Amino acid sequence: MLHDEVILKSGKIAKLYHHEDLRDARAVPLMLRTYAEMIDKGFNIRYGLGFTNDSSMIWAEVDNVPVGGICFVKWGYSKTHWIALSFTDPAWRGEGINYHCHMELEQLTRERGFLYIASLVSVNNLPRIKSCERVGLQKEFYRMSKRIV
């Protein structure tokens, strides 16, 4: 456990957790449901996964139920934590869960001596773009593509 008392916007108390891989991260079912939602909305790169069992996770729980988190990959050679997926239960969106998890990811990044946090976000995923901007992530590149059928 990282923190046992994080106050959300509604005043509810969340606990924050971190695990170095997904095998024991209790938020994996929520992460996968949210990823399916992204596929349905077209916010993903086709049907590929950007995470594996060796990915890390920081997540929040309220009353021992996962409500959101960040799944990330360590790229040691570039000193980067790559956000594979940021996710929040639809009933808990707008509570600041992603913000709290992101602040913990920043702290972990500093502690490891890493220099960057990065993420790939669909240009159509406006809620995620706004969430990234709120925690200071800035646009650096655009991935351009043309699907040839």
Side-chain angles (χ1 to χ4, degrees), residues 1-76 78-140 143:
M1 181 184 313
L2 294 170
H3 290 287
D4 61 355
E5 190 170 306
V6 172
I7 301 172
L8 302 177
K9 289 181 181 177
S10 65
K12 296 210 180 231
I13 304 296
K15 295 180 180 181
L16 295 184
Y17 296 87
H18 170 243
H19 210 281
E20 285 296 324
D21 60 50
L22 299 184
R23 289 170 191 88
D24 293 317
R26 291 185 302 272
V28 169
L30 173 60
M31 179 183 76
L32 294 174
R33 285 192 301 273
T34 305
Y35 189 70
E37 176 187 353
M38 289 182 63
I39 289 171
D40 291 342
K41 290 183 176 180
F43 293 163
N44 61 309
I45 299 175
R46 305 283 295 149
Y47 301 114
L49 299 176
F51 49 87
T52 68
N53 280 339
D54 292 328
S55 299
S56 298
M57 184 184 291
I58 294 172
W59 75 94
E61 293 185 9
V62 175
D63 297 327
N64 298 314
V65 176
V67 294
I70 297 175
C71 175
F72 60 98
V73 179
K74 301 172 286 257
W75 285 358
S78 64
K79 296 192 173 202
T80 299
H81 278 137
W82 183 266
I83 297 174
L85 184 64
S86 175
F87 59 96
T88 305
D89 183 302
W92 289 90
R93 292 179 184 159
E95 288 287 330
I97 292 164
N98 180 264
Y99 173 83
H100 290 292
C101 291
H102 186 90
M103 291 300 107
E104 290 302 322
L105 180 56
E106 284 190 17
Q107 182 61 33
L108 181 63
T109 302
R110 281 187 209 91
E111 289 171 3
R112 288 188 171 153
F114 280 24
L115 303 174
Y116 304 99
I117 296 173
S119 180
L120 186 64
V121 181
S122 168
V123 296
N124 296 320
N125 190 345
L126 298 179
R128 179 64 183 140
I129 291 170
K130 289 177 184 176
S131 177
C132 285
E133 290 171 344
R134 279 194 293 271
V135 295
L137 280 129
Q138 299 176 359
K139 299 174 196 118
E140 286 189 65
R143 179 187 180 272

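Fair warning: this is a prediction, and the values are worked out from it, not measured in the lab. Numbering starts at 1 and runs along the sequence shown.
- In this structure, E104 and C101 have side chains that are not in contact, with every pair of non-hydrogen atoms separated by 4.5 Å or more.
- The two residues A14 and V62 come nearest to each other via the heavy atoms CB-CG2, 3.9 Å.
- We find that E20 and R112 are joined by a salt bridge, their nearest charged nitrogen and carboxylate oxygen being less than 4.0 Å apart.
- Under the 4.5 Å side-chain criterion, counting only non-hydrogen atoms from C-beta, L105 is in contact with I83.
- The aromatic rings of F51 and Y35 lie perpendicular to each other, with more than 60° between the two planes, well past the 30° mark.
- Checked against side-chain contact (heavy atoms from CB on, under 4.5 Å), I7 has the following partners two or more places apart in sequence or in another chain: I13.
- Interatomic distance, S55 OG to D21 CG, rounded to the nearest 0.5 Å: 9.0 Å.
- Heavy atoms only, all atoms of each residue included: I58 and L2 are closest at CG2-CD1, 4.1 Å.
- Side chain of H3 to main chain of E5: no donor-acceptor pair is present (N/O by atom type, distance under 3.5 Å, no hydrogens or angles).
- Applying the salt bridge (Lys or Arg N to Asp or Glu O under 4.0 Å) rule to pairs touching residues 114-127 yields nothing, sequence neighbours excluded.
- A search for ring-ring contact (aromatic ring centres under 6.0 Å, His included) contacts involving F87 returns nothing, not counting sequence neighbours.
- Note that the CZ atom of R128 and the OG atom of S119 stand 5.0 Å from one another [nearest 0.5 Å].
- The shortest heavy-atom contact between P66 and W59 is CB-CD1, 4.3 Å.
- Between A118 and T80 the shortest heavy-atom distance is CB-CG2, 4.1 Å.
- Using bins of under 30°, 30° to 60° and over 60° for the plane-to-plane angle, the ring pair W75/W82 lands in the parallel bin.
- Nearest heavy atoms, S86 versus I70: OG-CG1, 4.2 Å.
- The line from CD1 of I97 to OG1 of T88 is 5.5 Å long, rounded to the nearest 0.5 Å.
- Taken from OG1 in T52 to CG in L22, the straight-line distance is 7.0 Å, to the nearest 0.5 Å.
- Considering only residues two or more places apart in sequence or on other chains, Q107 meets the side-chain contact (heavy atoms from CB on, under 4.5 Å) condition with R110, E111.
- Residues K9 and G94 come closest through the heavy atom pair CD-O, 3.2 Å.
- When side chains are defined from C-beta on, V135 counts as touching Y99, because their heavy atoms get closer than 4.5 Å.
- Partners of W92 under the ring-ring contact (aromatic ring centres under 6.0 Å, His included) rule, at least two apart in sequence or in another chain, do not exist in this structure.
- Qualifying side-chain contact (heavy atoms from CB on, under 4.5 Å) partners for L126, counting only residues two or more places apart in sequence or in other chains: I129.
- For E106 and H102, the side-chain atoms include at least one donor-acceptor pair closer than 3.5 Å.
- Residues E61 and R26 are paired through a salt bridge, judged by an N-O separation under 4.0 Å between the basic side chain and the carboxylate.
- Atom CE of M57 is separated from atom CZ of F72 by 9.5 Å, given to the nearest 0.5 angstrom.
- Taking 4.5 Å as the limit, every side-chain heavy atom of E95 sits out of range of all side-chain heavy atoms of V67.
- R93 contributes atom CZ, which lies 11.0 Å from atom CG of N98 (distance to the nearest 0.5 angstrom).
- For K74, the NZ atom counts as densely surrounded, since its 6.0 Å shell holds more than 12 non-hydrogen atoms of other residues, nucleotides or ligands.
- You'll find the side chain of P90 reaches within 4.5 Å of the side chain of E37, heavy atoms only.
- Around the CG atom of D63, the shell of radius 6.0 Å holds no more than 12 heavy atoms that belong to other residues, nucleotides or ligands.
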